[in-house]
Asker: 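I'd like to ask some things about the structure below.
Excluded from the calculations below are hydrogen atoms, water molecules and symmetry mates; all remaining heavy atoms, backbone and side chain alike, are included. Computed from a predicted model, the values in this text were never measured in an experiment. Labels below follow one simple rule: chain letters A, B, ... track the order of the sequence lines, proteins then strands, and each chain is numbered from 1.
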Amino acid sequence: MLAQSNPWLYIRKGVERWIEGGFSALAPKQKPKLRAKLEQPPEGMGDFALPLFEIASKLKISPERIAETLLTENERPPGISKMERAGGYLNFWVDSEYLTDMTLNGIINLRRDYGFSFERKKGRIILEHTSANPNGPLHVGRARNPIIGDTIARLLRANGYDVTTEYYVNDSGMQVATLVWGHLNLDIDWSESSHKKADHRYVRYYQETSRLPDSEEGIRKLLKDYEDGDPEAIREFKIHEEVLEGIIQSLEEINIKHDSFVHESKFLRSGDVAAVVEKLRPFCKSEDGSLYLEIDAENVYLTRRDGTTLYIIRDVAYHLDKFKRCDIAINILGEDHKLESKQLGKILDLLGKKKPLVIFYSFISLHEGKMSTRRGNIVYLDDLVDESISRAREEVKKRRPDLDEESVERIARAIGPSAVRYNIIKVQPQKQIEFRWEEALSFEGDSAPFAQYAHARCSSILRKLGEVEGFEPGSLINDSEIRVIKTLATFPSLVEEICDFERPRVHLLTSFLYDLARGFNQFYRDCPVIKAEEPLRSSRAALVMCVKQVTENCANLLGLEMPGEM
RNA sequence: GGGCGUGUAGCCUAGUCUGGAUAGGGCACAGGCCUCCUAAGCCUGGGAUCGCGGGUUCAAAUCCCGUCACGCCCGCCA
């Protein structure tokens, strides 16, 4: 099974067993048993390398002797065609016919499941992401949140986890109260802005109210009424739903959907928040009617002087509820939430409850500084995606004058959002990004269109070939063929390795996709498929089919579309 | 001032967790490749004291200590 579902790991494990067997023979009494730590050698030095230095010093035997003993006293491990000592390393070359046979058969049999785990893991996961305040449209500064969150959710599912993605709707705080106050009290001249989406229109209530210093008292009064359950206030707060609807649409544009929406107000109405306050009261200090906890020598306020609640206490109630519904909670949060998140963890500790795992990302800033809804120095996600689509449209029109309007549109809509996702996910989350249009809209090199283009070439070859069946593993001997096959073989290991709860390395999925596409483009240059003689023709056709399949599988993890023609 | 994070060619970035053989890529730049399955492609070239200084090690971009620069946070906002 492993041979087909994870060919590279299968061969690697064989090599490790072979080495460890050799070690046992060399030093039977050694405890604990010596492990084989394989690494990837530089280009041209084979496929696996065993550094001998550490073992040599442990056994007090020279690296040369160890290598010599291993090489002379044992049969070759399965799937290895050549072994050679080079300096302090023992290098292994994978037999390409063996690898080709396993890998192509694996992909052909497993198809869209290749790379993914069949083994269902225990434990329900709730992955919370985005959870942007519904007071305006999503902006690029925080666009990493949904993209990272959605990609991790896809990765976890591919590894057999049961994942629910959740949006925590902050409908009960100052931000939404500010929006509501503006809606009730401002008379805005709409003649200039006629945006069709509610989030883009209503954000002006929030922005303009934020500029009025006198509005604060009214906003607080409104919030107090709302928390006290005043029906009119509750009705007015519903305006946030239209904004949320706009945010949901923006997310759909980039292929993201949440499984669940949980509204903060639910915990206010159910009495959960009040119950948590009561539980924590014995640990709290009080001041003018407000409540606060001392955590790490800092005062963390739970309620205001007027009795209304603060974010963190509602967040505690939310997490208590969340852990009733799951075993593992993962939150995707901006780096500005680090302190709050740590404090939340301490409070959950205090209550003897589980804590969420948190993945933080740094902001995407503008050259002029941080984006801010309040100040309005901002690039909205909708605008970035629209711009990306229209640039894609221009490119397709230019390159493919033969296509009809409808096809052009379909392809542009596959390229635009994918390019945005790709360019954001390819950088690891903790790195800060300065937003530049040229970079965000890059369609060359390490980008989504590069992979989409290679995929389109695959599709085109396969369309022209018609029905082809079977392959001859021994006929694929060209360097570009072997290179692509090796890349295909490592996909399942990659999917498994990067799935780390503490530090999921989803950015490496783009590296893989890029490697595969680049390898394929070299193959495309070196190895004609349609004009090749049998059995080379069908073998190459099988390889092209496999590249297409694995490209799609990886694209699925990244939430990218593959239009199949460009 | 304290906490967390980041620093790799002109610009962007992988590798850092788990130390190993000439530090991978991309953009930009210079040159070459469409009578040949889509040139959003391919090939060649120049360009890196891995922020800086110590230390540990047979071996340091990677681990430890110090230091500097930048970002985020330190609110009865979220």
Side-chain angles (χ1 to χ4, degrees), chain A residues 37 39 41-45 49 51-54 56-57 63 86-89 91 131-133 135 170 173-176 178 220 264 287-292 296-306 308-312 314-315 334-340 342 360 362-363 365 369-370 392 395-396 398-400 415 423 426-428 430-434 436 438-439 442-454 456-465 500 502-503 505 507-508 510-511 514-515 517-518 520-522 524-532 540 544 565-566:
Chain A
K37 279 190 237 163
E39 25 189 273
E43 195 74 32
M45 310 283 269
L52 299 162
F53 315 98
E54 197 189 335
S57 73
Y89 297 86
N91 296 329
S131 301
N133 284 324
N135 62 347
N170 195 295
M174 281 293 256
Q175 267 71 10
V176 169
T178 304
R220 289 192 182 279
E264 212 181 7
E287 191 182 277
D288 308 330
S290 65
L291 278 181
Y292 65 91
D296 298 335
E298 303 244 17
N299 293 345
V300 178
Y301 283 83
L302 307 182
T303 64
R304 295 190 183 93
R305 202 170 318 170
D306 65 5
T308 54
T309 56
L310 285 151
Y311 177 78
I312 193 159
R314 303 191 300 263
D315 209 14
E335 60 178 340
D336 55 334
H337 279 67
K338 276 183 182 173
L339 182 60
E340 193 271 344
K342 193 171 149 201
F360 295 104
S362 298
F363 295 111
S365 61
K370 201 175 155 182
E395 290 294 318
V396 180
K398 197 167 75 194
R399 292 161 204 268
R400 299 292 305 275
I415 294 172
N423 288 329
K426 76 176 176 185
V427 180
Q428 31 173 324
Q430 64 270 30
K431 228 148 182 162
Q432 61 214 47
I433 298 180
E434 189 176 297
R436 286 191 205 93
E438 325 89 71
E439 261 169 50
S442 160
F443 284 8
E444 278 171 2
D446 187 8
S447 69
F450 184 93
Q452 291 169 321
Y453 187 70
R457 281 176 152 181
C458 291
S459 309
S460 167
I461 292 172
L462 294 172
R463 269 195 304 272
K464 288 184 176 157
L465 269 169
D500 172 349
E502 306 288 335
R503 208 165 82 111
R505 292 170 319 179
H507 63 287
L508 296 181
T510 58
S511 308
Y514 179 66
D515 260 2
R518 200 157 49 117
F520 175 77
N521 282 331
Q522 286 156 2
Y524 187 89
R525 170 202 61 199
D526 296 336
C527 307
V529 180
I530 295 169
K531 282 187 305 190
R540 284 182 175 165
V544 173
E565 133 177 78
M566 281 170 81

Asker: Ignoring hydrogens, what is the shortest heavy-atom contact between A:Pro63 and A:Leu52? Give both atom names and the distance.
Answerer: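 Between these two residues, the closest heavy atoms are O-CD1, 3.6 Å.
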Asker: With a 3.5 angstrom cut-off on both distances, give the Watson-Crick or G-U wobble partner of B:U56, or none if there isn't one.
Answerer: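 Per the H-bond distance test, none.
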Asker: So which nucleotide from B:C72, B:C77, B:G3 ends up closest to the side chain of A:Lys342?
Answerer: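 Selected nucleotide (nearest to the side chain): B:G3.
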Asker: Could you give the distance from OG1 (A:Thr308) to CZ (A:Arg314), rounded to the nearest 0.5 Å?
Answerer: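 It comes to 8.0 Å.
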Asker: Quick one: look up who B:A69 pairs with, Watson-Crick or G-U, both distances under 3.5 Å, and put none if it's unpaired.
Answerer: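 Answer to the pairing question: B:U6, which forms a Watson-Crick or G-U pair with B:A69.
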Asker: Is there a Watson-Crick or G-U wobble partner for B:C37 with both distances under 3.5 Å, and if so, which one is it?
Answerer: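 B:C37 is paired with nothing.
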Asker: Reading nucleotides 31-37 of chain B 5' to 3', which nucleotides get B (base under 4.0 Å from a protein heavy atom), which S (sugar-phosphate only), which -?
Answerer: -----SB
Asker: If the cut-off is 4.0 Å, is A:Gln430 near the phosphate of B:C72, judged by side-chain N/O to OP1 or OP2?
Answerer: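 Indeed not, no polar side-chain atom of A:Gln430 lies that close.
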Asker: So A:Met566, base contact, sugar-phosphate only, or nothing? Heavy-atom distance under 4.0 Å.
Answerer: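 A:Met566: base contact, heavy atoms under 4.0 Å.
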Asker: Roughly, in whole Å, what's the span from NZ in A:Lys338 to C1' in B:G2?
Answerer: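 Distance, rounded to whole Å: 15 Å.
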Asker: Would you classify A:Glu502 as touching base, sugar-phosphate or nothing, given that sugar-phosphate means primed atoms plus P, OP1 and OP2, and contacts are heavy atoms under 4.0 Å?
Answerer: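 Result for A:Glu502 = nothing.
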Asker: When the C1' atoms of B:A61 and B:A23 are compared, how many Å lie between them, rounded to an integer?
Answerer: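 Rounded to whole Å, the distance is 7 Å.
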Asker: OP1 or OP2 of B:G5 versus the side-chain N and O atoms of A:Gln432: is any pair under 4.0 Å?
Answerer: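 For A:Gln432, the contact criterion (side-chain N or O under 4.0 Å from OP1 or OP2 of B:G5) is not met.
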Asker: Please give, in whole Å, the distance from B:C43 P to A:Asn521 CG?
Answerer: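 Taking atom P of B:C43 as the reference, CG of A:Asn521 is at 9 Å.
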Asker: Using atom OH of A:Tyr301 as one end and atom P of B:C76 as the other, report the distance to the nearest whole Å.
Answerer: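 Going from A:Tyr301 (OH) to B:C76 (P), I get 6 Å.
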Asker: Distance check, C1' atoms only: B:A14 and B:G25, in whole angstrom units.
Answerer: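 The answer is 7 Å between these two C1' atoms.
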Asker: Return the value, rounded to whole Å, for the distance between atom NZ of A:Lys431 and atom P of B:U16.
Answerer: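 Whole-Å distance recorded here is 11 Å.
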Asker: Counting the atoms with a prime plus P, OP1 and OP2 as sugar-phosphate, which does A:Asp288 contact under 4.0 Å by heavy atoms, base, sugar-phosphate, or nothing?
Answerer: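 Base contact.
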Asker: So what does A:Glu340 hit on the nucleic acid, given a heavy-atom distance under 4.0 Å: a base, only sugar-phosphate, or nothing?
Answerer: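 Counting heavy atoms under 4.0 Å across all strands, the contact made by A:Glu340 includes a base.
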Asker: Which protein N or O atoms sit under 3.5 Å from an N or O of nucleotides 21-26 of chain B?
Answerer:
residue	atom	partner	partner atom	Å
B:A21	N6	A:Asn91	OD1	2.7
B:A21	N1	A:Asn91	OD1	3.3
B:A21	N1	A:Asn91	ND2	3.1

Asker: Among B:U16, B:C11, B:C73, which nucleotide sits nearest the side chain of A:Arg505?
Answerer: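 The answer is B:U16, which lies nearest to the side chain.
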Asker: Look at the side chain of A:Gln522 and decide which nucleotide, out of B:C12, B:C43, B:U6, has an atom nearest to it.
Answerer: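 That would be B:C43.
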Asker: What's the NZ-C1' distance between A:Lys398 and B:G41, to the nearest Å?
Answerer: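 A:Lys398 atom NZ is separated from B:G41 atom C1' by 15 Å.
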Asker: For the P atoms, the ones on B:C17 and on B:C77, what distance do you get once it is rounded to whole angstrom?
Answerer: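 Per the computed distance, 42 Å lies between those P atoms.
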Asker: Suppose we define a pair by two distances each less than 3.5 Å, Watson-Crick or G-U wobble; what does B:G1 pair with here?
Answerer: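 In the structure as shown, B:G1 has B:C74 as its Watson-Crick or wobble partner.
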Asker: Measuring only the C1' atom in each nucleotide, how far is B:G71 from B:G53? A whole number of Å is fine.
Answerer: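 Looking at atom C1' only, B:G71 and B:G53 are 24 Å apart.
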Asker: Mind checking if A:Phe450 touches a base, just sugar-phosphate, or nothing, with heavy atoms under 4.0 Å?
Answerer: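 Sugar-phosphate: the residue A:Phe450, judged by heavy atoms under 4.0 Å, touches backbone atoms but no base.
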Asker: Respond yes when some side-chain nitrogen or oxygen of A:His507 is under 4.0 Å from OP1 or OP2 of B:G15, and no when none is.
Answerer: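 For A:His507, the contact criterion (side-chain N or O under 4.0 Å from OP1 or OP2 of B:G15) is met.
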Asker: With both distances under 3.5 Å as the test, what is the Watson-Crick or G-U wobble partner of B:C17?
Answerer: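 Base partner found: none.
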Asker: In terms of ring plane angle, is the pair A:Tyr292 and A:Tyr301 parallel, tilted or perpendicular, where the classes change at 30° and 60°?
Answerer: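 It falls in the tilted class, 30° to 60°.
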Asker: Among all residues two or more places apart in sequence or in another chain, which pass the salt bridge (charged side-chain N to carboxylate O under 4.0 Å, His left out) test with A:Arg540?
Answerer: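 So A:Arg540 forms a salt bridge (charged side-chain N to carboxylate O under 4.0 Å, His left out) with A:Glu481.
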Asker: Please work out whether B:C74 sits syn or anti, treating a glycosidic angle within 90° of 0 as syn.
Answerer: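 Anti, angle beyond 90° from zero.
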Asker: Please state how far atom CD1 in A:Ile433 lies from atom C1' in B:C11, giving the value in whole angstrom units.
Answerer: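 Nearest whole value for this atom pair: 14 Å.
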Asker: Taking B:G10 as the reference, what is the distance to B:A48 when you measure between their P atoms (whole Å, please)?
Answerer: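 Comparing P positions in B:A48 and B:G10 gives a spacing of 7 Å.
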Asker: Could you check how far CZ of A:Arg503 sits from C1' of B:A14, rounded to whole Å?
Answerer: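 Interatomic distance, CZ of A:Arg503 to C1' of B:A14: 12 Å.
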Asker: Measuring from atom CG of A:Leu291 to atom CG of A:Asn299, what distance do you get when rounded to the nearest 0.5 angstrom?
Answerer: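 Rounded to the nearest 0.5 Å, the CG-CG separation comes to 12.0 Å.
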Asker: Determine the Euclidean distance between corresponding P atoms of B:U22 and B:A30; express it in Å to zero decimal places.
Answerer: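 Taking atom P in both B:A30 and B:U22, they lie 33 Å apart.
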Asker: Using the C1' atom as the reference point in each nucleotide, state the distance between B:U16 and B:U8 in Å, no decimals.
Answerer: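 Taking atom C1' in both B:U16 and B:U8, they lie 11 Å apart.
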Asker: Could you grab the distance from atom CG of A:Asn133 to atom OH of A:Tyr311, nearest 0.5 Å is fine?
Answerer: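 OH of A:Tyr311 is found 8.0 Å from CG of A:Asn133.
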Asker: Reading RNA chain B from 5' onward, which residue's closest nucleotide shows up sooner: A:Glu439 or A:Asp500?
Answerer: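 Closer to the 5' end of RNA chain B: A:Glu439.
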Asker: The side chain of A:Leu508 lies closest to which of these nucleotides: B:C42, B:A14, B:C76?
Answerer: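 Nucleotide nearest to A:Leu508's side chain: B:A14.
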Asker: Check whether more than 12 heavy atoms from other residues, nucleotides or ligands sit under 6.0 Å from atom CD of A:Glu39, and answer yes or no.
Answerer: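 Atom CD in A:Glu39 is packed in, count exceeds 12.
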Asker: Rounding to a whole Å, what distance do you find between A:Glu335:CD and B:G3:C1'?
Answerer: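 The answer, rounded to whole Å, is 13 Å.
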Asker: Kindly point out which of B:G71, B:C77, B:A14 is positioned nearest to the side chain of A:Arg220?
Answerer: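 Output: B:C77.
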Asker: Relative to the 5' end of RNA chain B, which residue comes earlier, A:Leu339 or A:Glu264, by the nucleotide with the nearest heavy atom?
Answerer: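 Looking at RNA chain B, the more 5' nearest nucleotide goes with A:Leu339.
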